[in-house]
Amino acid sequence: MRETLALVRRTPGCMLLLLGNFCITVGSSIVLPYLAIYLVHEHGMSPWAVGMAFTVRLWAQFGLMVVGGAVSDRLGPMNTMCLGLVLRGASYVLLAGLSSSIAVIAACGLLGLGSALYIPAGKAALAGLVGDPSKTASVFALRSATNNAGLAIGPLVGGVLLLGNPSIGLAATSLVFFALALAFWRVRGRLASPRPASGMDAKTRGADGRRSSLREIPALLRHNPRMRWVVLTAMAFGFCYVQVEYALPVTVAEHQSAGFVGVLFTVNAVSVVALQFLVTGPMGNIANSALVISGGLIAMAAGFGLLGFGSMGALVAGVVLFSLGEVIVDPRLDGEVAGAVDAEHRGAAFGLVGMCIAVGGTGANAAASALAGADRLGDGYWLLMMGGAAALSLLVLAGAPRRRVRQPEHASSVTR
């Protein structure tokens, strides 16, 4: 981790991007954990309408992430990040001022769209600054740690601001996003746009000579076995990861109390931050990404097995193991994208991976809904999830290409 911190310090722009991610996560988690409470009590929205607003936000974010990545490849990552930040800031202003359910749902869709633009562009920008694909996994691990540090702090601030005076909380959050958009706009020149590769088909280029990265995705998947493996692995990871959002809260409410759910979310955030510093170095020394990611899914499977017991100790231990798997898998997936795709198309590739994680998560939520009886999940559910995660880990390991796709010469040297 010391080497990673040194790399970040000597790479212009990296520290700003990581600090920006921390502030964004703090700002988002000021509002999002309490947004449902705010919409019901302040706006008087029905639970159905609130559920619709959250669903629109989810699919605007993940469903449009591949489009956001393509916009990043077209306009440049920093320009796209600034646009995403402005949209997210505007969405919080609208949430503070709007009252009708339709308007609130539209504002939540705008919030999701801002995230869909920002996230793949931010990853592409960070990968472009680092340049060396062999270093990106450790830098993405540091990015994850800063995100989760913000996730641990934001709800505490939100509990004071949003629940005490919602208008102040929403205004403070919007100011965070607008201020970051201004800061990023002023330094956008540090990231140069990638040069088009030679021999491009003119039909796939935009007006500025760049090829459309959305049109390139089918060819990318067809000719790049490593990227095919990455998107399938992302679905497997999404299937496991989404358990913390739906099935875990239901189980905790069954065995303990609804209030204990917040405790476990804090345990998850703190564990991710602490574990990043403990495991990033050892994991970085293992070149076989399939082995690393498979091990991370096994850790998640072990955590699922503990969650079925329902006691406080088992729940905490299960969440810590789940966090360990998250720490191992998530940054390594991002590093694989940076190493398998040239700089010109990374935005769309990161967006595609985000969408695949959502697809896997949708399957998991469907499974949890189908297996839930009388508004509860039986303890056998977690045994099934443990077996499912273990099976997915074996499939990830067995399905990995034997050889890594070689990067084009310009891909590892472009700094945007």
Side-chain angles (χ1 to χ4, degrees), residues 1 25-26 28-30 32-34 36-37 141 144-159 236-280 282-283 292-331 361 364-365 367-368 371-372 375-390 392-393:
M1 184 58 73
T25 310
V26 170
S28 295
S29 55
I30 285 174
L32 290 180
Y34 307 101
I37 299 172
S144 179
T146 59
N147 286 351
N148 280 276
L151 186 61
I153 295 172
L156 301 178
V157 179
F237 175 59
F239 184 87
C240 297
Y241 179 77
V242 82
Q243 303 299 327
V244 76
E245 297 180 357
Y246 178 22
L248 176 63
V250 172
T251 298
V252 174
E254 281 178 25
H255 292 285
Q256 302 299 329
S257 67
F260 196 60
V261 175
V263 173
L264 290 182
F265 270 75
T266 300
V267 169
N268 174 236
V270 173
S271 296
V272 168
V273 174
L275 290 169
Q276 290 286 4
F277 290 94
L278 294 175
V279 307
T280 296
M283 291 298 104
V292 171
I293 292 174
S294 178
L297 293 176
I298 287 291
M300 294 178 115
F304 294 156
L306 289 174
L307 294 177
F309 288 100
S311 66
M312 284 190 179
L315 289 170
V316 170
V319 167
V320 171
L321 281 173
F322 174 90
S323 304
L324 175 62
E326 179 186 348
V327 164
I328 292 172
V329 176
D330 193 24
N365 279 341
L371 294 172
D375 297 326
R376 57 178 287 133
L377 289 169
D379 296 341
Y381 174 81
W382 292 108
L383 292 177
L384 290 174
M385 288 300 102
M386 180 175 67
L392 288 172
S393 74

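By the 4.5 Å heavy-atom criterion applied to side chains, Val319 and Ser271 are not counted as neighbours. The side-chain heavy atoms of Leu275 and Glu326, taken from C-beta on, include no pair separated by under 4.5 Å.
To the nearest 0.5 Å, atoms CG (Leu307) and CG (Leu383) are separated by 11.0 Å. To the nearest 0.5 angstrom, Met386 atom CE is 11.0 Å from Phe304 atom CZ.
Residues that satisfy the ring-ring contact (aromatic ring centres under 6.0 Å, His included) test with Phe239, not counting sequence neighbours, are absent from this structure.
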TODO: Assess whether side chain to side chain contact (heavy atoms under 4.5 Å, CB included) is satisfied between Phe309 and Trp382, documenting all intermediate values.
DONE: CA-CA 9 Å; Phe309 288 100; Trp382 292 108; over 6 Å; no
Open item on the list: Does Ile328 form a side chain to side chain contact (heavy atoms under 4.5 Å, CB included) with Ile293? I'd like the steps, not just the answer.
Closed with: CA-CA 7 Å; Ile328 292 172; Ile293 292 174; 5.9 Å; no
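Between Ser323 and Asn268, the shortest heavy-atom distance links the atoms OG-ND2, 2.8 Å.
Using a distance-only test at 3.5 Å, with no hydrogens or angles considered, no donor-acceptor pair links the side chain of Ser393 to the main chain of Leu297.
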